[in-house]
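Structure first, commentary second.
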Amino acid sequence: MKNRFELCDIPFSLDETLSCGQVFRWKKVNDFWEGVCHGRFIKVLQNKKFLEYSGCDEEFLKYYFQLDLDLDLVLDSVCTDEHIEKAINERYGLRLVRQEPWECLLSYICAQNANIGFISRMLENMSAMCGEKIGTDEGSYSYPSAESLSQKCVTDIGCCSTGYRAPYICETSFAVMSDPKWSKRIQNLGYPDARKEIMKYKGVGPKVADCILLFAFQKFESFPVDVWIRRIMNGFYGIGNPEKPMSSSEYASISSFARDHFGEYAGYAQEYLFAGRK
DNA sequence: CAACAGGCTGAAA
DNA sequence: TTTCAGCCTGTT
């Protein structure tokens, strides 16, 4: 019933990867992680060097968890001081997953001014409203497609606890539905141009754009700056001022500092630092 | 009750 | 170009 994949010498921690806050529809039930992604309902368990799983094939696991990426090479490249070194040692094995672009866009529009539990609830509500039933588990619905969401009114989407984000979701789902090649277009752009493009969607500002580019488009130089990262960067490197509201210039300077400091995989450094927040 | 949570939009300076 | 109020929901 369950499939089995041997990691061999591939560094990977399922727990760190799924609990760090990059995804919102994975839950740990007993020892298994259960999640909805790419239109599938998947269960995965890590037992040391083995992954036991159902709901997908081995190729999907490698694809979703980006197991082909040489994690040690990436972490060596961003490991430029004692702070990030400590974070890496504490979270070793954390990988960025490969989110489906629309899932990611929708998720991070919801993520503004919200916490993880709240975000998950909004997504579950919208999935139950117009996602498709997947698997046999009760309440497991796929993410709602842009097509299905674009046919709902603001009130219906607002009923999913999305609050003031409802009109953003309406407008952006319609825009995406009307332009099926949107994600391919963005994928083929470099980071700066891709960022400009994705910020054209309603509800997508600098931080949300950077998250989407990092988690769905593998633009690893992207360095999302949220309130947590700003505090951390201020504490470690003395930049920014967490006491004041963040201006766009401050966002740009922190993000730019991070790219200079951590290099082309700055986004990986961000996720390791973020995972150690509090 | 106020403050805050993985920000963004639109208007005004 | 930059600043700033206001914002849905939910928890502490």
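Here the structure is a predicted model, which means the values were calculated and not measured.
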Taking for A:F274 and for A:G203 the nucleotide of DNA chain B with the nearest heavy atom, the one nearer the 5' end belongs to A:F274
Cation-pi check, A:R277 to A:F274: give yes when NZ or CZ is under 6.0 Å from the six-membered ring centre and within 45° of the ring axis, no otherwise.
-> yes
Residues A:F24, A:Y108; criterion ring pair (Phe, Tyr, Trp, His ring centres under 6.0 Å); working and verdict = CA-CA 10 Å; A:F24 306 107; A:Y108 281 88; 5.3 Å; yes
Quick one: [X] [atom1] to [N] [atom2], roughly how many Å, whole number?
| X | N | atom1 | atom2 | answer |
| --- | --- | --- | --- | --- |
| A:I109 | C:dC8 | CD1 | P | 16 Å |
| A:M199 | B:dT9 | CE | P | 7 Å |
| A:I119 | C:dG10 | CD1 | P | 13 Å |
| A:E250 | C:dT1 | CD | C1' | 16 Å |
| A:D226 | B:dC8 | CG | P | 10 Å |
| A:M122 | B:dG7 | CE | P | 11 Å |
| A:M126 | C:dT9 | CE | C1' | 13 Å |
| A:K207 | B:dC8 | NZ | P | 8 Å |

For nucleotides C:dG10 and B:dT9, find the distance between their P atoms and express it as a whole number of Å.
-> 22 Å
Same-atom distance (P) from B:dA2 to C:dG6, integer angstrom = 15 Å
Classify the ring geometry between [X] and [Y] as parallel (under 30°), tilted (30 to 60°) or perpendicular (over 60°).
| X | Y | answer |
| --- | --- | --- |
| A:F257 | A:H261 | parallel |
| A:F217 | A:W182 | perpendicular |
| A:F65 | A:F12 | tilted |
| A:Y268 | A:F220 | tilted |
| A:Y64 | A:F60 | parallel |

Looking only at side chains, do A:D76 and A:Y265 share a donor and an acceptor under 3.5 Å apart?
-> no
For A:Y92 and A:D72, test the side chains for any donor-to-acceptor distance below 3.5 angstrom and give the result as yes or no.
-> yes
Within the structure shown, what part of the strands sits under 4.0 Å from [X] by heavy-atom distance: base, sugar-phosphate, or nothing?
| X | value |
| --- | --- |
| A:P206 | sugar-phosphate |
| A:Q22 | base |
| A:V204 | sugar-phosphate |

More than 12 heavy atoms from other groups under 6.0 Å of NZ on A:K86 | no
For C:dC8, which nucleotide is its Watson-Crick or G-U wobble mate, given both distances must be under 3.5 Å?
-> none
Kindly say if A:K200 contacts the phosphate of B:dT9, meaning a side-chain N or O under 4.0 Å from OP1 or OP2.
-> no
Contacting residues from residues 149-169 of chain A, given that a heavy atom lies under 4.0 angstrom of DNA chain C | A:S161, A:G163, A:Y164, A:R165
I'd like a table of atom pairs between the protein and nucleotides 3-5 of chain B - only N or O on both sides, under 3.5 Å - with the distance next to each one.
from	atom 1	to	atom 2	distance (Å)
B:dA5	OP1	A:R231	NH2	2.5

